[in-house]
Structure formats: structure tokens, C-alpha cells
Amino acid sequence: MINIDYSINGETKLLGVIGNPIEHSISPVLHNTISRYFGLNLTYVPLKVEASALEYAIKGLRALNFLGFNVTVPYKTDVIKFLDDTSKEAIMMGAVNTIKNIDGRLFGYNTDAEGFSRSFKDESGSGFAGKTVVMIGAGGAARAMAVRIALEGAKKIYIMNRTVSSAENIAGIINNNIGQVAECLGMDDKKAAELFYRGDIIVNTTSVGMHPDVTSSPVGSGFVFRPGQVVFDAVYNPPVTRFLRGAAENGCKTVNGLGMLFYQGIFAYEIWTGLKLKDELVKEVYSEFVKIL
Ligand code: ATR
């Protein structure tokens, strides 16, 4: 017996994610689950794009009238030059992960940083305003997170990185565009461990400690957590990294990167559909989402 499948039909609107690799992306599952739940005729597909084809891919998505799409590694920066308009925040972050197609014009947003902020507040119960924040790492993720932390009114942001020049770059963007709150230093700087201990909030933005490298930590043994600090790790696999375990053992509140991943998707979905998803529903989806990762 054959069942007629109406789930994709002539009225279906398309969403997707471009990146390379894309096979491990969980975004199609998240977005299609939400669309099915709401009964919205939207389908989200993974789209593997080679670097040399990025411009054609963007033009193609516009030509094929995609409602919107996500952009993931390694194209979050390169994609900006192919868009019609990009939010001021995303330009400062140097990265776009969400694009909406409005009548053939492509608008870029960054929901990674918004997802980070939402999940941090939800899980720790506190925000960044008036706080001293220590950030480890100075790559693409760090830039978006640091800009967001500065925009939310942190008192001081110390950006520590193995390569000081990348940290200088991010500190310069913040100090020139938002306020004189950022300072950078190398991980081996004499002051680094002391500032780390004194910070209110510690944020690991590097992938050090991610599966399968689970015994590594982004900081050396000279770095000690102070009880009461809130410690965030952008890594979510494993859910408790060596870094977070150390923090918890020292009486710190800990938050991993799972909520950030989840909420960037929720915010993107809200941008595309114009819907505001109810908190209860979002929490319900989140509790299921945690189980599949
Ligand atoms: P993403 O876009 O995920 O932030 P990225 O731009 O490649 O990725 O940045 C990775 C960050 O992790 C950088 O700050 C990098 O330090 P360097 O700028 O010195 O390269 C940091 N990082 C990666 N592996 C590291 C390691 N083994 N030890 C210390 N820092 C590391």
C-alpha cells in the first residue's frame, strides 16, 4: 500500500544551511521539527557548498526564492560581500549566520551571539552588564561573542589568546565602536592567570576540549577558578568538558554551548517566519533536542 506524501508540495517554502562539511549539521532536524509542530509548509535542507561556488550558491538561493538560510563554517565572513544588507551588529561581529530573503533582497544577521546571550542568561541567571569578563580565544566565534558582551554593557573584557594579534584585533573593534572596555593579552602573559581568577565571568570560545580531544583544556594549570564565577564553554560535545569540570569542582556555575547552538536556530526561525515562539514550546523542544545530541 502506498501512502501519498503531501509533506513537500507546490506551496512548500524552502530554508537551508550552506557550509562545508554539512553532513553533521543538526539544524535540519531542529527546524523541520518546529515547522511540523506548527504545521508550517517549510522545509529545511543541508546544502554542501565548495568555496569556489559560494557566490553562485548565494545567487542560486535567491533565484530559487528560498525564504532564508543559515550559513555555517567556513563561510560566515565570506558570505557578507554577496548580501544586499547586513545588520550593524553582524558587521561588527564580522560574521553572518542567518539570511532572510525579502522580495529578492538578502539581509544578513548574526543569531549566534544572540543565542549565546540568551542561553547564558537562562542558565546562569545573570547577564554581562557591569561584569568583568575573561574570554579565552580570539577566532570568529570569539569576535561575535565579545561584541555582544560589550554591547550588553560589560565593565571590562579581557581577551586572552595564544596569538595576541587576533585578540588585539577584536579589542580594537570593541574599543573603537562600542566603548573602551576591552584589553588583550597572550595566554602566557604574567597577568593572565591573575585576571582569570579575578573575573566575574569566564568564557571559553575555543574548541579545545571538544571530542575527541577531551583531556585538553584551553588554559594551563596556573589558571585557577574562583568560587562563584560563572563559566561558559562554547563546546557542547562532551557536555562537561575538562574546563567545565574544573570550574564546577571549584564552586563555579557552569554553562555549556548546547543552549547557544539551540537558540541561534530559534532566533533564525523567528527571523524567517516573523513568529515569536512561546517560551514553553521552546523549552519543550529544547528538552527533546538535548536528547539527540
Ligand atoms: P572559531 O570560528 O570556531 O572561533 P577559529 O576562528 O579557528 O574558530 O578560532 C579558534 C580559536 O581557538 C583561536 O583563538 C585559536 O587560537 P589562535 O588564534 O592562537 O590560533 C584558539 N585555539 C585553537 N586551538 C588551540 C589550542 N590548541 N590552544 C590554544 N588555542 C587554540
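What's counted below: heavy atoms across the whole structure, side chains too, no hydrogens, waters or symmetry copies. Whatever order the structure lists ligands and atoms in, that order sets their numbers, starting from 1. Along the sequence shown, residues carry numbers from 1.
When the heavy atoms of Gly140, Ala167, Gly137 are ranked by distance to atom 6 (O) of ligand 1, first place goes to Gly140.
A salt bridge links Glu288 to Lys291: at least one charged side-chain nitrogen sits closer than 4.0 Å to a carboxylate oxygen. Here Glu123 does not pair with Arg118 in a salt bridge; the nearest charged N to carboxylate O distance is not below 4.0 Å. Salt bridge Arg148/Glu152: present, at least one basic N to carboxylate O contact under 4.0 Å. We find that Asp200 and Lys156 are not joined by a salt bridge, their nearest charged nitrogen and carboxylate oxygen being 4.0 Å or further apart. Salt bridge status for Glu23 with Lys48: present, with a side-chain N to carboxylate O gap under 4.0 Å.
When Trp272, Phe69, Phe38 are each tested for a ring-ring contact (aromatic ring centres under 6.0 Å, His included) with His31, only one passes: Trp272.
From the protein, the heavy atom lying nearest to atom 24 (N) of ligand 1 is Val208 CG2, 3.8 Å. The protein heavy-atom contact nearest to atom 26 (C) of ligand 1 is Arg162 NH1, 3.2 Å. Atom 19 (O) of ligand 1 has Thr163 OG1, 2.4 Å as its closest protein atom, hydrogens excluded (heavy atom only). For atom 10 (C) of ligand 1, the closest non-hydrogen atom of the protein is Gly139 CA, 4.4 Å. Atom 4 (O) of ligand 1 has Ala141 N, 3.0 Å as its closest protein atom, hydrogens excluded (heavy atom only).
Phe128 has its ring centre less than 6.0 Å from the ring centre of Phe116.
At a 3.5 angstrom cut-off on N or O pairs, Ser207 does not count as close to ligand 1. Taking distance alone, with nitrogen or oxygen atoms compared against 3.5 Å, Thr205 stays at or beyond that limit from ligand 1.
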Carefully, step by step, assess Phe66 and Leu47 under the rule side chain to side chain contact (heavy atoms under 4.5 Å, CB included).
CA-CA 12 Å; Phe66 268 61; Leu47 301 160; 4.1 Å; yes
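Residue Asn161 touches ligand 1 through its side chain alone, judged by heavy-atom distances below 4.0 Å.
Ligand 1 has no atom lying under 4.0 Å from any heavy atom of Pro218.
Here is the list of ligand 1 atoms found below 4.0 Å of a heavy atom in Thr206: 12 (O), 21 (C).
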